[in-house]
Amino acid sequence: MQQELRIISKQKIARDTVEMVLENKSISQVTVPGQFLHIHVQGHMLRRPISIANVDASNYTVTIIFKILGEGTRKLSTYDVGNKIDVLGPNGNGFPLDNTTQASTLLVGGGIGVPPLYYLAKKLTEQGTVVTTILGFQSKEHIFYEEKFRELGNTIVVTNDGSYGEKGFVTNVPDEVLPTIDRYYSCGPLPMLKAVKERWITVPGYLSLEERMGCGIGACFACAVPTDDRGGYKKICQDGPVFTAEEVYLG
Amino acid sequence: MQQELRIISKQKIARDTVEMVLENKSISQVTVPGQFLHIHVQGHMLRRPISIANVDASNYTVTIIFKILGEGTRKLSTYDVGNKIDVLGPNGNGFPLDNTTQASTLLVGGGIGVPPLYYLAKKLTEQGTVVTTILGFQSKEHIFYEEKFRELGNTIVVTNDGSYGEKGFVTNVPDEVLPTIDRYYSCGPLPMLKAVKERWITVPGYLSLEERMGCGIGACFACAVPTDDRGGYKKICQDGPVFTAEEVYLG
Amino acid sequence: MNIAVELPGLALKNPIMPASGCFGFGREYSKFYDLHVLGAVIMKAATLQARFGNPTPRVAETSAGMLNAIGLQNPGVEKIIKTEVPFLASFSVPVIANIAGSTIEEYRQVAKAFEQTNQVAALELNISCPNVKEGGIQFGTHPQMAQKVTEAVKEATNLPVYVKLSPNVSDIVEMAKAVEKAGADGLSMINTLTGMQIHLASRKPVIANRTGGLSGPAIKPIAIRMIYEVKQHVSIPIIGMGGVMQAEDVLEFLLAGASAVAVGTANFQNPYVCKEIIEQLPYTLKQYGFNSVKEAIGKGIV
Amino acid sequence: MNIAVELPGLALKNPIMPASGCFGFGREYSKFYDLHVLGAVIMKAATLQARFGNPTPRVAETSAGMLNAIGLQNPGVEKIIKTEVPFLASFSVPVIANIAGSTIEEYRQVAKAFEQTNQVAALELNISCPNVKEGGIQFGTHPQMAQKVTEAVKEATNLPVYVKLSPNVSDIVEMAKAVEKAGADGLSMINTLTGMQIHLASRKPVIANRTGGLSGPAIKPIAIRMIYEVKQHVSIPIIGMGGVMQAEDVLEFLLAGASAVAVGTANFQNPYVCKEIIEQLPYTLKQYGFNSVKEAIGKGIV
Ligand SMILES: Cc1cc2nc3c(=O)[nH]c(=O)nc-3n(C[C@H](O)[C@H](O)[C@H](O)COP(=O)(O)OP(=O)(O)OC[C@H]3O[C@@H](n4cnc5c(N)ncnc54)[C@H](O)[C@@H]3O)c2cc1C
Ligand SMILES: Cc1cc2nc3c(=O)[nH]c(=O)nc-3n(C[C@H](O)[C@H](O)[C@H](O)COP(=O)(O)OP(=O)(O)OC[C@H]3O[C@@H](n4cnc5c(N)ncnc54)[C@H](O)[C@@H]3O)c2cc1C
Ligand SMILES: Cc1cc2nc3c(=O)[nH]c(=O)nc-3n(C[C@H](O)[C@H](O)[C@H](O)COP(=O)(O)O)c2cc1C
Ligand SMILES: Cc1cc2nc3c(=O)[nH]c(=O)nc-3n(C[C@H](O)[C@H](O)[C@H](O)COP(=O)(O)O)c2cc1C
Ligand code: FES
Ligand code: FES
């Protein structure tokens with residue numbers, strides 16, 4: 001579960017956004033969409049949780065996409081092809097695929113919440129599920145993987161500043177342009193998840209949550225999320241990061 | 001005075017001992033034997049003082065030789081050719097060459113005190129001074145630069161464990177095998193310097209001292225050495241590391 | 001090489017144990033290695049009732065350390081005894097229960113509850129948790145309070161009691177002497193130093209609780225100093241902790257006067273760290289000329 | 001961008017100054033850059049008589065920090081006034097004299113001496129040096145003692161007095177209030193935390209004085225927490241310090257409630273650090289939405 005993964009490609013795919021393809025036998029065979037790697041960055045005390053964005057089981061690779069946000073991701077972005085990354089994982093539960101192939105499914109991703117949805121979209125379409133994706137980015141320069149999502153289904157991109165697609169949030173996309181949906185999956189910042197949950201309140205949905213983590217494996221209680229307002233909780237790193245929309249209390 | 005020096009060669013020259021040749025215009029032009037570089041090692045709060053072991057003014061290089069002792073030197077030893085090292089220097093005063101060319105001069109070096117003596121021996125012989133060198137190492141495997149010293153003059157190597165040359169300390173070398181000396185220069189651990197000072201008490205000598213340093217430039221008073229037992233002191237990093245044997249009080 | 005060590009109520013096959021709150025109740029780490037290799041396990045703090053803890057974020061990273069303000073989240077002593085203690089005991093490794101409370105009465109009751117199971121070898125009295133509103137750190141910064149709670153727990157139970165000291169004090173020796181006088185069988189030190197980090201973009205503390213406890217290598221020099229000072233003034237043994245990352249650190253704690261060593265934050269970076277330290281320790285001891293753990297204890301005191 | 005800030009007796013063109021003991025009397029760093037760029041300079045501690053200080057080694061490296069036990073080595077106040085103050089004053093930068101003593105009388109006399117020159121803008125009362133046998137830290141860990149020495153110095157001089165607090169206390173707010181009550185014009189915080197490192201091979205403390213003061217990024221979270229807490233309970237300004245390495249750190253100190261910021265240990269790693277921070281600060285302030293230093297002070301307090 002703790003392993004060294006060799007970087008076999010590294011690419012800047014958008015502003016401050018890096019894609020790395022990592023070589024690993026075991027992780028590439030077992031990963032479920034939505035799981036994450038808990039990555040040790042040299043000189044940093046705590047590991048960084050980064051979603052698995054794609055898996056190529058036959059070539060034994062996993063892909064991560066991360067945004068350079070602070071010191072840790074900045075340092076990680078300096079790692080070169082051939083270097084190894086020390087990871088724990090795959091951690092967390094991942095998205096349940098619910099293989100009722102007829103379902104019309106909506107994926108809603110914002111910013112650094114987009115990566116895990118790509119592998120999810122791939123897996124869903126593989127099993128025949130029809131996927132519509134809404135992706136929200138800060139601006140045109142931050143957009144990545146748009147084409148890749150389009151190859152898998154209808155994809156709508158919005159930006160906060162309107163520099164590409166409609167201006168606004170993922171939840172501003174009007175009903176008219178969306179199919180009737182039976183289920184949704186979402187990953188992104190908390191305010192976005194709240195808005196998604198509210199907008200599609202009648203639709204069964206899955207949310208992938210983010211929180212600052214310590215251990216990343218369920219031992220330290222850093223990442224507890226309330227399941228109600230009466231003291232119930234789940235651990236994001238272990239019980240999540242994916243939860244049904246009802247089971248978590250987003251405050 | 002703070003500069004980045006590119007590593008142009010790196011070589012293991014003895015057990016736990018690394019020689020690095022660094023490229024730099026200004027330092028290579030001004031360095032006096034016995035001066036040191038104050039080296040920043042990534043991830044370390046304090047810089048490491050390392051003597052300049054050789055200078056090639058025409059090729060703009062300076063050479064350092066260091067022993068892997070703790071975390072800092074271990075990390076430094078992982079730097080590769082092409083990497084840059086952040087240094088302050090050349091720091092300190094250096095050995096006065098006293099160009100009375102007839103003098104018969106003894107150099108006495110122990111362990112990591114050997115490196116600065118090499119550049120000194122070169123400079124002394126260049127000006128026609130006859131040099132005899134005694135070098136002390138822990139064991140055969142730790143010996144370096146023996147041949148290079150031999151090229152410059154009579155050289156006697158002793159080891160603590162007797163695995164090469166005579167067994168014992170640099171001060172055990174009998175008078176019979178030494179010329180009459182007019183002056184000595186010595187660099188090495190404190191107990192060795194004390195013994196050297198005592199043995200050649202009647203001969204004018206220079207000692208290069210070592211101490212844990214903070215700033216390395218004279219501001220923090222970390223490296224004070226008493227000049228007597230009445231409160232007088234000098235700063236090793238600024239007034240030294242070289243002192244006349246009389247002016248420092250070795251306790 | 002003999003790395004066993006004997007402390008009141010604890011016959012440890014080696015001096016290494018995970019620190020409270022950094023290993024949960026062992027379940028997660030048991031997937032990485034067999035917990036039987038450990039000298040002991042210190043469980044996460046137990047309170048009388050279940051506690052949800054503080055709002056998130058609960059952790060932040062600092063230079064060579066981290067801040068945490070978990071807020072003593074735990075399922076309550078009864079549930080711990082029913083589901084967690086038996087799990088840990090199944091590895092036949094001594095289990096130390098870390099207990100916390102808002103009142104002296106709560107400490108007593110939690111202690112009593114643990115005594116009723118025969119699977120807990122010792123108690124660690126957490127009088128130093130900086131992350132809760134009442135109790136916790138008040139007990140840990142006033143010698144009289146510390147003395148009182150220690151006496152009460154000693155009276156309530158026959159289990160050996162290790163009092164975990166807070167470093168957030170002007171005079172650590174005074175605290176140590178107070179709890180020794182109150183009957184403590186040993187000391188555990190140090191808990192975290194109260195710290196804060198401010199998030200520049202949001203202009204507020206990163207940790208929702210505002211302050212959190214600083215742990216990790218950043219605090220090791222403070223831990224070493226406090227143990228060194230206390231060791232010379234008490235005759236009860238010390239379980240040392242604060243920034244241990246590798247076997248060399250363990251030896252430094254032993255030299256300062258600790259008889260055993262707990263590893264906290266390092267588990268998050270390297271889940272195998274306790275096991276690796278245990279494997280390395282004999283070589284490190286040998287390298288520095290020691291033939292046993294016991295031989296090294298307090299040897300750095302000059 | 002206005003990065004000037006006004007403190008009692010100190011009209012600073014920017015809030016950055018080297019911390020006491022980490023910049024000597026400026027001579028060495030003046031070879032790296034023109035000291036005129038600095039907001040102010042805090043000189044190394046002055047005592048009445050010359051002091052040689054502690055035996056060496058006096059420093060050790062720790063994770064993200066260092067220990068020092070220089071022991072207040074200095075040539076004595078008279079010599080400092082004669083040779084060092086005029087040198088620093090020649091850069092027309094406000095000079096702050098850090099003063100230390102073993103007795104209240106010594107503090108008074110040193111303060112008086114500095115007042116006689118008109119080249120010192122303010123005094124920083126070092127009641128928190130952990131590295132000397134008498135005086136120093138005792139004054140800094142007992143509120144009554146701190147109050148007394150502050151009163152005595154205030155009485156002896158008309159110079160503004162900044163009292164430098166020790167973090168080695170159970171209750172920093174109590175200390176701050178005591179010296180405010182005693183008439184302090186400002187606070188300087190934090191000094192170093194007492195720590196120790198043990199050298200494994202020689203089995204004894206690295207620092208000859210055994211303990212030393214811990215500084216550097218390791219202690220920043222403690223400094224931020226203490227300033228954040230104190231700011232809410234006093235109305236005198238705070239000069240913040242502890243682990244500042246870059247302009248972002250300065251902003252963090254401002255947000256926590258500091259009005260100016262001193263840089264210590266970082267100078268040893270990067271002799272240009274103060275200058276670089278001063279140049280970077282306007283951009284950092286702007287990046288986080290501030291139009292001046294003043295605007296940021298205390299803005300992180302929630
Ligand atoms: C389950 C999960 C999956 C994630 N997947 C991705 C992904 O695929 N791509 C991506 O770019 N980002 C992802 N993130 C967010 C990513 O973890 C943070 O951006 C990253 O940790 C920031 O580290 P830093 O060193 O750059 O920032 P710093 O601010 O220097 O980090 C300081 C500390 O805060 C933590 N931290 C800061 N921001 C966050 C955050 N938003 N979420 C969690 N921890 C944070 C860091 O891990 C570190 O411990 C994910 C987060 C979680 C919880
Ligand atoms: C003027 C001078 C010149 C030197 N020249 C050389 C040289 O040419 N080659 C060489 O191999 N060594 C030399 N040394 C010794 C060298 O500085 C130390 O071996 C080195 O700093 C050890 O660092 P470390 O990280 O490996 O050890 P650590 O133990 O990890 O270092 C911890 C701290 O202690 C300091 N320290 C530890 N040992 C020494 C020591 N013996 N002297 C000074 N500081 C120490 C380090 O600089 C660091 O601040 C010189 C020392 C001085 C003062
Ligand atoms: C996330 C976290 C949770 C902690 N919880 C507890 C606790 O419940 N009880 C306790 O006594 N100490 C607790 N501590 C303190 C540790 O047991 C230990 O004393 C401290 O972290 C110093 O050791 P370290 O530097 O090895 O982490 C906690 C520390 C961390 C980092
Ligand atoms: C080598 C050294 C010497 C110091 N000398 C003094 C001093 O003489 N007077 C004083 O008040 N503080 C002294 N300090 C404390 C610093 O001024 C500062 O408060 C502390 O180091 C924290 O800041 P930093 O982390 O930026 O170094 C000294 C610190 C160091 C590292
Ligand atoms: S991060 Fe430790 S429990 Fe989730
Ligand atoms: S190392 Fe600072 S004065 Fe010499």
Side-chain angles (χ1 to χ4, degrees), chain A residues 1-4 38-49 69-75 86-92 189-191 209-241 248-251, chain C residues 18 21-33 44-45 49-76 197 199-201 206-208 212 214-218 243 245 264-273 276:
Chain A
M1 290 164 92
Q2 182 185 19
Q3 305 183 46
E4 303 252 299
H38 208 31
I39 298 183
H40 174 55
V41 184
Q42 262 207 0
H44 286 271
M45 199 64 221
L46 296 179
R47 289 171 178 268
R48 267 60 179 168
L69 200 97
E71 291 302 318
T73 47
R74 181 172 317 279
K75 174 88 187 189
D86 166 357
V87 314
L88 293 184
N91 285 2
L190 190 64
L209 304 188
E210 249 178 43
E211 189 47 83
R212 294 195 177 225
M213 292 186 176
C215 66
I217 58 169
C220 76
F221 292 81
C223 65
V225 54
T227 48
D228 52 47
D229 51 6
R230 286 159 285 112
Y233 70 91
K234 299 265 183 181
K235 288 178 270 185
I236 292 179
C237 68
Q238 192 181 40
D239 308 317
V248 283
Y249 179 76
L250 302 180
Chain C
C22 301
F23 209 71
F25 300 99
R27 283 186 195 277
E28 294 76 20
Y29 290 96
S30 74
K31 290 174 198 150
F32 288 87
Y33 60 89
K44 183 161 179 43
Q49 310 297 334
R51 289 181 64 123
F52 174 69
N54 292 322
T56 56
R58 293 176 172 185
V59 293
E61 185 181 70
T62 70
S63 294
M66 67 176 284
L67 293 168
N68 90 81
I70 307 298
L72 297 181
Q73 178 156 18
N74 80 97
Q197 186 174 80
H199 192 245
L200 303 185
V206 172
I207 302 266
L214 182 64
S215 61
M245 298 292 287
T265 306
N267 291 287
F268 303 158
Q269 192 179 95
N270 174 10
Y272 297 100
V273 68
E276 289 174 4

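Being a predicted model, the structure only gives us computed values, none of them experimental. A note on names: the letters A, B, ... follow the listed sequences, proteins ahead of strands, and every chain is numbered from 1.
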Leading residue by heavy atom contact count with chain A [cutoff under 4.5 Å; candidates C:Asn267, C:Thr265, C:Asn74]: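 Looking at each of C:Asn267, C:Thr265, C:Asn74 in turn, C:Thr265 comes out on top.
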Top of C:Cys22, C:Ala218, C:Gly65, C:Gly216 for chain A proximity - count of heavy-atom pairs under 4.5 angstrom: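 Max contact count across the listed options: C:Gly65.
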Residue A:Gln2 excluded, over 12 heavy atoms near CD under 6.0 Å: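 Yes, because the 6.0 Å sphere around CD of A:Gln2 holds more than 12 heavy atoms from other groups.
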Can you tell whether the side chains of A:Arg48 and C:Glu61 come within less than 4.0 Å, N to carboxylate O?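 Here A:Arg48 pairs with C:Glu61 in a salt bridge, since their nearest N and O are under 4.0 Å apart.
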Side chain proximity check, C:Val273 to C:Phe268, heavy atoms < 4.5 angstrom: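 The answer is no, as the side chains (C-beta and beyond) never meet within the 4.5 Å cut-off.
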Name the region of C:Phe23, side chain, backbone, both or neither, that has any atom closer than 4.5 Å to a heavy atom of chain A.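 Only the backbone of C:Phe23 comes within 4.5 Å of chain A.
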Pick one of side chain, backbone, both or neither for A:His38, based on which atoms fall under 4.5 Å of a heavy atom in chain C.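 Interface part for A:His38: neither.
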Engaged part of A:Glu71 at the chain C interface, taking heavy atoms whose separation is under 4.5 Å: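 For A:Glu71, there is no contact with chain C at all, as no heavy atom is under 4.5 Å.
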Tell me, please, which residues at least two apart from A:Gln42 pass side chain to side chain contact (heavy atoms under 4.5 Å, CB included).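 Side chain to side chain contact (heavy atoms under 4.5 Å, CB included) check on A:Gln42 returns A:Lys75, A:Tyr79, B:Lys75.
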Taking only distance into account, with no hydrogens and no angle test, what donor-acceptor pairs under 3.5 Å do side-chain atoms of residues 209-223 of chain A form with protein atoms, sequence neighbours excluded?
unit_1, atom_1, unit_2, atom_2, d
A:Glu211, OE1, C:Thr56, OG1, 2.9

